There are 2 protein chains.
Amino acid sequence: MPRTPLWTSIEAALTGDIAEGRYRAGDRLPSEAALAARFGVNRHTVRRALAAMAEAGLVHARRGAGVTVLHRPTEYPIGRRVRFHRNLQAAGRLPAREVAALETCAASEAEAAALEVAPGAHVVVCEGRSLADGQPIALFRSVFPADRLPGIGDALREVASVTEALVRCGVADYTRRSTRIAARPADATQAARLMVEEGAALLRTVSVSVDPAGVPVEHGTTWFAGERVTLTLAEP
Amino acid sequence: MPRTPLWTSIEAALTGDIAEGRYRAGDRLPSEAALAARFGVNRHTVRRALAAMAEAGLVHARRGAGVTVLHRPTEYPIGRRVRFHRNLQAAGRLPAREVAALETCAASEAEAAALEVAPGAHVVVCEGRSLADGQPIALFRSVFPADRLPGIGDALREVASVTEALVRCGVADYTRRSTRIAARPADATQAARLMVEEGAALLRTVSVSVDPAGVPVEHGTTWFAGERVTLTLAEP
DNA sequence: CTGCGATACCTGTCTAGTTGTATATATTCG
DNA sequence: CGAATATATACAACTAGACAGGTATCGCAG
């Protein structure tokens with residue numbers, strides 16, 4: 001009977017609710033079952049509407065958790081994505097960052113080689129997520145030589161930026177010695193944390209930073225969401 | 001969204017950590033709660049991964065105490081891929097290259113802006129494929145300002161390298177003014193020419209090269225097969 | 001120093017709720 | 001008929017929270 005699919009009107013209603021501020025960025029929508037009851041349709045019809053909204057970047061669904069609102073449609077036109085032009089030299093200094101794990105453990109062979117410490121030496125590993133405008137931009141994993149930087153663990157816990165933490169440990173300045181860049185598909189957990197599809201293209205940078213004397217102080221790996229980030233190399 | 005269960009990638013990550021020596025036999029893994037935070041998932045999902053590892057005899061969990069590592073995995077699949085370390089500065093000078101198309105046409109708006117020529121001005125477009133060891137490594141598309149480089153088309157046809165062709169047109173030397181790097185999934189034709197899966201991660205670099213006077217002489221886009229290439233940035 | 005209790009933390013288990021996926025079926029329209 | 005739309009049902013995967021049972025650690029009394 002309806003020549004326009006039912007789900008389009010549900011999408012319009014929900015998008016309108018978000019636009020009017022009934023559901024705001026970060027809020028959880030009611031469950032699919034609840035929405036289905038509200039609109040008097042089957043859950044799959046609601047899912048069709050939510051899928052369209054997710055495609056447009058309006059909401060993001062997590063299995064088990066609910067559906068979260070990402071943006072107000074007025075702020076971010078549908079289909080338009082946030083573009084982030086980042087200077088590679090400035091990597092590590094982003095608007096917001098979440099630290100998910102901070103632990104001390106043994107260095108792997110590769111990490112030990114990069115940091116020029118003995119294999120199995122203590123290293124502080126800091127993992128987390130960088131965000132901009134509420135959207136996840138990158139996952140990072142930084143490894144610091146614990147013996148070379150006493151107190152780095154506490155410093156990382158207390159201050160927000162890596163630079164500042166290193167300053168606390170006596171490293172006034174540091175530079176990148178090398179950076180390797182590769183493109184890799186996202187695995188399941190990476191995809192979930194970056195809110196992209198599994199298998200989406202990630203930009204992985206692996207770097208070693210050294211202090212003015214040339215001694216390695218950090219070994220970092222960052223996975224950028226390829227669809228949201230472009231790295232820009234400054235002309236030396 | 002995840003066609004592979006989340007916990008499998010967690011199992012892979014932890015098994016990899018053990019294989020690389022971050023956690024050694026006898027060590028205690030971080031608590032389930034800490035791991036859940038690190039991977040951004042629920043504790044139960046971590047437990048599922050740990051259960052699989054315990055099943056394999058890799059770790060042992062004791063109630064109240066933590067999870068201890070028993071031994072290194074005897075067999076851990078490390079993606080054995082051809083690795084190509086390339087200096088970004090040298091991009092565009094590869095062992096072998098196939099020119100698939102060479103034509104003169106009008107510049108698009110973006111190309112005109114990058115090359116600092118009038119929109120619609122004549123440009124020479126060179127497209128093709130770079131190979132190493134018989135394997136396709138990258139697709140390239142270079143755009144040259146035809147009026148600024150008289151005879152560039154013939155030069156490109158006759159000599160193998162871009163550098164040499166530019167020398168013929170009076171550009172003794174050139175440097176990169178800017179490089180932008182992004183990760184993008186491969187479309188069907190790119191996938192076919194690079195011999196990778198459709199949707200595989202590609203590394204796209206967009207650059208502008210200038211002569212010693214700072215005048216743009218080339219605007220290039222290169223798509224590297226992410227699984228075969230690692231770009232290495234040299235320390236300036 | 002030893003022994004012991006308090007406490008914080010960790011794993012094991014359970015219940016409930018939510019999204020993702022697969023299959024089957026009815027209805028409508030061209 | 002065939003395609004698109006919507007419904008119905010069932011199960012798998014993940015999240016959330018709570019609680020029980022076990023362990024390690026630390027301070028403190030003896």
Side-chain angles (χ1 to χ4, degrees), chain A residues 1-14 23 26-55 58-70 98 100-105 129 136 186-200, chain B residues 1-14 23 26-55 58-70:
Chain A
M1 181 186 331
R3 69 182 177 286
T4 62
L6 240 186
W7 60 267
T8 54
S9 63
I10 296 176
E11 180 194 9
L14 289 176
Y23 304 117
D27 284 1
R28 251 194 58 187
L29 290 184
S31 74
E32 292 175 350
L35 289 174
R38 167 181 160 190
F39 292 107
V41 299
N42 190 271
R43 182 164 84 95
H44 286 71
T45 311
V46 170
R47 283 181 60 74
R48 186 76 174 80
L50 290 175
M53 295 168 71
E55 181 83 13
L58 238 168
V59 297
H60 178 73
R62 266 171 64 222
R63 176 184 293 201
V67 178
T68 331
V69 178
L70 291 180
E98 296 171 355
L102 189 57
E103 58 170 330
T104 304
C105 59
R129 199 162 66 148
D187 72 23
T189 55
Q190 291 171 332
R193 281 180 288 173
L194 286 173
M195 296 186 187
V196 298
E197 295 288 315
E198 182 176 348
Chain B
M1 182 187 336
R3 65 180 187 285
T4 63
L6 262 180
W7 61 266
T8 56
S9 64
I10 296 175
E11 179 192 9
L14 290 176
Y23 304 115
D27 283 1
R28 250 192 56 185
L29 289 185
S31 73
E32 293 174 350
L35 289 175
R38 168 179 162 193
F39 291 105
V41 299
N42 191 272
R43 184 163 82 93
H44 290 75
T45 310
V46 170
R47 283 180 61 75
R48 183 69 182 84
L50 290 175
M53 294 168 71
E55 181 83 11
L58 239 170
V59 297
H60 177 68
R62 268 167 60 229
R63 173 185 232 158
V67 179
T68 39
V69 178
L70 293 181

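The sequence lines fix the lettering, A, B, ..., with proteins before strands; numbering per chain opens at 1. It should be emphasised that the depicted structure is a prediction, and the values quoted were computed from it without experimental measurement. All values below were derived from every heavy atom in this structure, side-chain atoms included, with hydrogens, water molecules and symmetry-related copies excluded.
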Please report the shortest heavy-atom distance between A/Trp7 and A/Ala52, naming the atom on each side.
CZ3-CB, 3.8 Å

With a 4.0 Å cutoff (strictly under), does any side-chain N or O of A/Arg43 reach OP1 or OP2 of D/dA8?
no

How long is the line joining CG of A/Leu35 and C1' of D/dA6, in whole Å?
17 Å

Spacing of A/Leu29 atom CG relative to C/dG17 atom C1', expressed in whole Å
16 Å

Is it true that a side-chain atom of A/Arg129 and a backbone atom of A/Ala100 form a donor plus acceptor pair closer than 3.5 Å?
no

Mind calculating the distance between CZ (A/Arg47) and C1' (C/dT23) to the nearest angstrom?
15 Å

Starting from C1' on D/dG22, measure out to NE2 on B/His60 and report it in whole angstrom.
13 Å

Is there a side-chain contact between B/Leu58 and B/Leu70 in this structure, where contact means two heavy atoms from C-beta onward sitting under 4.5 Å apart?
no

Sub-3.5 Å donor-acceptor pair from the side chain of B/Asn42 to the main-chain atoms of B/Thr45, do we have one?
no

Measure the distance from CE on A/Met53 to P on C/dT19 and round it to the nearest whole Å.
13 Å

Using only heavy-atom distances, decide whether a donor-acceptor pair under 3.5 angstrom links the side-chain of B/His44 to the base of D/dG17.
yes

Closest to side chain of B/Ala61, choosing from D/dA6, C/dT11, C/dT19
C/dT11

Distance in angstrom units between B/Glu32 CD and D/dA18 C1', rounded
15 Å

So, do A/Leu14 and A/Phe39 sit near enough that their side-chain heavy atoms are less than 4.5 Å apart?
yes

Atom pair distance, as rounded to whole Å: CZ in A/Phe39 and P in D/dA6
14 Å

Is any side-chain N or O of B/Arg28 closer than 4.0 Å to OP1 or OP2 of D/dA24?
no

Any side-chain N or O of A/Thr45 under 4.0 Å from OP1/OP2 of D/dT7?
yes

Without decimals, in angstroms, what is the distance between A/Arg193 CZ and D/dT15 P?
12 Å

Side-chain donor or acceptor of A/Arg62 under 3.5 Å from a matching atom on the base of C/dG20?
no

What nucleotide among C/dG20, D/dT23, D/dA6 has an atom nearest to a side-chain atom of A/Trp7?
D/dA6

Options D/dT7, C/dT19, D/dA16, nucleotide nearest the side-chain atoms of A/Asn42:
D/dT7

Relative to the 5' end of DNA chain D, which residue comes earlier, A/Arg48 or B/Arg48, by the nucleotide with the nearest heavy atom?
A/Arg48

Testing C/dT19, C/dG12, D/dT15 for proximity to the side chain of B/Arg63, the answer is C/dG12

